[in-house]
Undergrad: 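Below: one structure in structure tokens.
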Amino acid sequence: MDQDRKTGRQLLEERGQFGNDVVAVEVGAGTAKEIFDLHTPLPVGATEVRAIRQNDPKALPIIRHSTAHVMADAVQKLFPGTKVAFGPATESGFFYDYDRPGGTFSDSDLEAIEQKMLEIIEKDSPFVREPKSREDLIAMLEKMGEPYKLEHVQRLEGELTIYRHGDWIDLCEGPHVPSTRFLKAFKLTHTAGAYWRGDERNPMLQRIYGTAFASPKDLKAHLKALEEAKARDHRKLGKELELLAFHPWAPASPFFTAKGARIYNALCDYIRELYDLHGYEEVITPQIFDKELFETSGHLPAYYENMFLAATKEALEKASKELVEKPPADAHQCEHTLTEHLRFGVKPMNCPSHCLLYGMKRRSYRDLPMRMADFGRLHRYERSGVVQGLTRVRTFAQDDAHIFCTPEQIEQEIGDFIDLVYRVYRDFAFADPKIFIATRPDQRIGDDAIWDASEKALIDGVSAKGLPFEIAEGEGAFYGPKVEFHLKDALGRSWQLGTIQADFNLPERFDLTYVAADNSQHRPVMLHRAVLGSVERFFGVLIEHVGGNFPAWLAPEQLAIVTVASDYDAYAHEAAKELRKQGFRVTVDDSHERLGSKIRDARLRRVPYIGVVGAKEAEGRGLQIRSRDENADIGFLSLDEFTTRLRGEHRPPSLRG
RNA sequence: GCCAUCUUAGCUCAGUCGGUAGAGCAGCGGUUUCGUAAACCGCAGGUCACCGGUUCAAGUCCGGUAGAUGGCUCCA
């Protein structure tokens, strides 16, 4: 039967479309496209066949996955006894997981592996696909002594295949490049630990990451882009520009310097202005609550390990006394006694306190939708290995708000919120975010009927805006599903910033009601939403996005006046004073340095405007202005002219004019 | 939390084979008054992250702790 089926190569040759740069073929049309090796017999009746050539973006995952095979080959040749697990292509390269008995891989190992890989590639061995019966495959893997592959086979169904290049074999469904000669540019980048099957209860394997491209030129460009991204890293820039700092005594908790705080507050003030326009009202709520609150909200059971409990002397005394009187049987019981007496918890999120505030008064349908905003500080005990710069911290604030509304109002509110999100992201010149709808997780509160309604509400709300989205199965919060808005940082990592979540659970738990027009009582729906997400995280992503060059409306220093010589200091201070009266943030550098040195300093601080002051400027009551963004001297401007210019940029784009 | 790596002056980094601590920038004091990315001279600045061990001797070797970094897992 197979004799009737042609391979991709045969088909392309017949059509005169074959060439030395063909990597694989893509079969089918529309959403039903599938990629095959050149030498694999294609499905019967395959007519829509397209060659994937070396430089096609679709060739990249094939090249990378094939390189991963060669790496595993090299590793097993160099380190006998090493077992292989999985080795897929990723968004920016590939990895392969290994179990190396009693060892890990060092940087010098990586070099040796790269050398061995080059040797393997030079042999120009073809990648050969061989279908195998399950029994044969299991026998083969047992003989090879590959326990991870063996375990994997047990879970697979249908036709199984192996791929062979040279004398190395891997259980794999392909596709692969025709031969190792197509692997022209690769680099092993780093090692890491990774759990087998991504489960932390499983043993940890050694993962080696690498990247590969169609040509050395592409690889070089990629490595260069990585270098450039590193230069924009918010941790590096945050330190250099003196925006933020960390101290070991407050792990994962940023300090914002005067400059950093200026930007931080500008971000919050900007959101506050939009709140006025979008019908939100800001509230301030407590930091520390009786645990009753978190038991009612469901946080304590669901969120215990991430919460800071607040110990007091009184609580410790009571707990100690009980422990002495009734010694615990085991550590678990001891912990129970201790936490029993710790009466207070630090809030990890604002929603429970907003429920309290809502419930303190009779609410009418006329009050809805009620949009309650809060920049309250939150504390979450993140595990030590997960914290990172500003993007994952233990203390932060969100531009948080909760919308209490009727079920009928949900769609409208989601629509309004999406408008707000896009307005904000445009003000920061971000590309459009990627939208995910995260559905019910395994650990959750509330009935499935409620989850059905919540998920539908979100999908309807986003669909009504005509925006594309993807479903993130099981990624929702424990109290409700989420719409997530993701943006990418300079290193290409995707971060969730904005979110809106439908919650029918908390209003139930807090027994929140409103009185309808007919005097009957109803349960409001609660929408949790944030545009920036965490202000800290947004700040971090923003630093990288602008590379430290904050637009004038955010810049902590908008104009640096530098004097040519000390004779002009007096005028410089006068001009600064006048401009500060306009609300501008102006500094004067009257140090006894040379002009070039002062200019350099101001440029390194990424100040949007530098105003040089000498005899001409003092005489003409103006400034010789250099613009950071135009990277040029834009000439003499009178103080009035400069005021007009800066006033235009002094406000967020969508709030100008 | 797990695997790996790192931690030397305010910052960026040297420090050889284990032999007792260095530079540049920043800071401070002088000199210089200068027109668009670094003037010159001098001074000061260190419990080499912390705790312990090996050694005649530890920044250097070993163990532990903390923090950070790259991943994994997690992420309301």
Undergrad: Touch check for A:N306, heavy atoms < 4.0 angstrom, all strands: base, sugar-phosphate only, or nothing?
TA: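 Base contact.
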Undergrad: Would you indicate which nucleotide in B:G70, B:C3, B:G35 comes nearest to any side-chain atom of A:V564?
TA: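 Ranking B:G70, B:C3, B:G35 by closest atom to the A:V564 side chain puts B:G35 first.
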Undergrad: Over 60° means perpendicular and under 30° means parallel, so classify the ring planes of A:Y479 and A:H299, tilted if in between.
TA: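 Geometry flag for A:Y479 against A:H299: tilted rings.
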Undergrad: In whole angstrom, give the distance that lies between atom OH of A:Y568 and atom P of B:C34.
TA: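 Atom-to-atom, A:Y568 to B:C34, this comes out as 7 Å.
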Undergrad: Which part of the nucleic acid, if any, lies within contact of A:A252, taking any heavy atom under 4.0 Å across all strands shown: a base, the sugar-phosphate backbone alone, or nothing?
TA: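 Contact class for A:A252: sugar-phosphate only.
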Undergrad: Using whole Å, report how far CG of A:D590 lies from P of B:C34.
TA: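 So the CG-P distance, A:D590 to B:C34, works out to 16 Å.
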Undergrad: Rounded off to whole Å, could you give me the CZ-to-C1' distance for the A:R201 and B:C74 pair?
TA: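 Computing the A:R201:CZ to B:C74:C1' distance gives 13 Å.
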Undergrad: Any idea which of B:U36, B:C3, B:C74 is nearest the A:T104 side chain?
TA: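 Selected nucleotide (nearest to the side chain): B:C3.
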Undergrad: Would you say a side-chain N or O of A:K239 is under 4.0 Å from OP1 or OP2 of B:U12?
TA: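 True: A:K239 side-chain N/O within range (under 4.0 Å) of B:U12 OP1/OP2.
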Undergrad: Looking at every strand, decide which applies to A:Y479 at a 4.0 Å heavy-atom threshold: base, sugar-phosphate, or nothing.
TA: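 Contact class for A:Y479: sugar-phosphate only.
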Undergrad: Compute the centroid of each ring, for A:F86 and then for A:H152, and state whether the two points are separated by less than 6.0 Å.
TA: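 Under 6.0 Å, so yes.
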Undergrad: Counting only side-chain heavy atoms from C-beta out, which of B:C2, B:A38, B:C74 sits nearest to A:M204?
TA: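 Looking only at heavy atoms from C-beta outward on A:M204, the closest nucleotide is B:C2.
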Undergrad: Quick one: are the ring centres of A:F79 and A:Y98 less than 6.0 Å apart?
TA: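 Ring centroids of A:F79 and A:Y98 are no less than 6.0 Å from each other.
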Undergrad: Check whether any side-chain nitrogen or oxygen of A:T191 sits under 4.0 Å from OP1 or OP2 of B:A4, and answer yes or no.
TA: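 Negative; the distance criterion is not met.
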Undergrad: It should be established whether A:R235 places a side-chain nitrogen or oxygen under 4.0 Å from OP1 or OP2 of nucleotide B:G70.
TA: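 A:R235 to B:G70 OP1/OP2: side-chain N or O found under 4.0 Å.
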Undergrad: Give me the ring orientation class for A:F539 and A:F256: parallel if the planes are under 30° apart, tilted from 30 to 60°, perpendicular past 60°.
TA: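 Rings of A:F539 and A:F256: parallel, under 30°.
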Undergrad: Within less than 4.0 Å of OP1 or OP2 of B:G71, is there a side-chain N or O belonging to A:Y195?
TA: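 Looking at the OP1 and OP2 atoms of B:G71, neither is under 4.0 Å from any side-chain N or O of A:Y195.
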Undergrad: The side chain of A:A565 lies closest to which of these nucleotides: B:G70, B:A68, B:U33?
TA: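 Among the listed nucleotides, the one closest to the side chain of A:A565 is B:U33.
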Undergrad: Return yes if the base of B:C72 and the side-chain atoms of A:R383 contain a donor-acceptor N/O pair under 3.5 Å, otherwise no.
TA: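 Answer no: no donor N or O sits under 3.5 Å from an acceptor.
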Undergrad: Would you please classify the geometry between the A:H402 ring and the A:H354 ring as parallel, tilted or perpendicular, with 30° and 60° separating the classes?
TA: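 Judged by the thresholds at 30° and 60°, the geometry between A:H354 and A:H402 is perpendicular.
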Undergrad: Please pick, from B:A68, B:G1, B:U32, the nucleotide with the shortest atom-to-atom distance to any side-chain atom of A:H592.
TA: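 Output: B:U32.
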Undergrad: Determine: side-chain N/O of A:Q388 to OP1/OP2 of B:G70, distance under 4.0 Å, yes or no.
TA: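 Answer is yes, contact under 4.0 Å.
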Undergrad: Ignoring hydrogens and angles, are the base of B:G35 and the side chain of A:E617 linked by a donor-acceptor pair under 3.5 Å?
TA: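 Answer yes: a donor N or O sits under 3.5 Å from an acceptor.
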Undergrad: Taking the C1' atom of each, how far is B:U31 from B:U36, in whole Å?
TA: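 So the two C1' atoms sit 24 Å from each other.
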Undergrad: Measuring from the side chain of A:P248 (C-beta onward, heavy atoms only), which nucleotide among B:G67, B:G1, B:C72 has the closest atom?
TA: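 Side chain of A:P248 sits closest to B:G67.
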Undergrad: Give the nucleotide from the list B:G1, B:A37, B:A39 with an atom nearest to the side chain of A:S597.
TA: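 Output: B:A39.
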Undergrad: Taking the six-membered ring for Trp, are A:F186 and A:F94 ring centroids under 6.0 Å apart?
TA: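 Between A:F94 and A:F186, which both carry aromatic rings, the centre distance is not below 6.0 Å.
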Undergrad: What is the nucleic acid contact for A:Y209, judged by heavy atoms within less than 4.0 Å: base, sugar-phosphate only, or nothing?
TA: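 The residue A:Y209 makes sugar-phosphate contact but no base contact.
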Undergrad: Nearest-Å distance, CD (A:E593) to P (B:U32)?
TA: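 One finds 14 Å between P of B:U32 and CD of A:E593, rounded.
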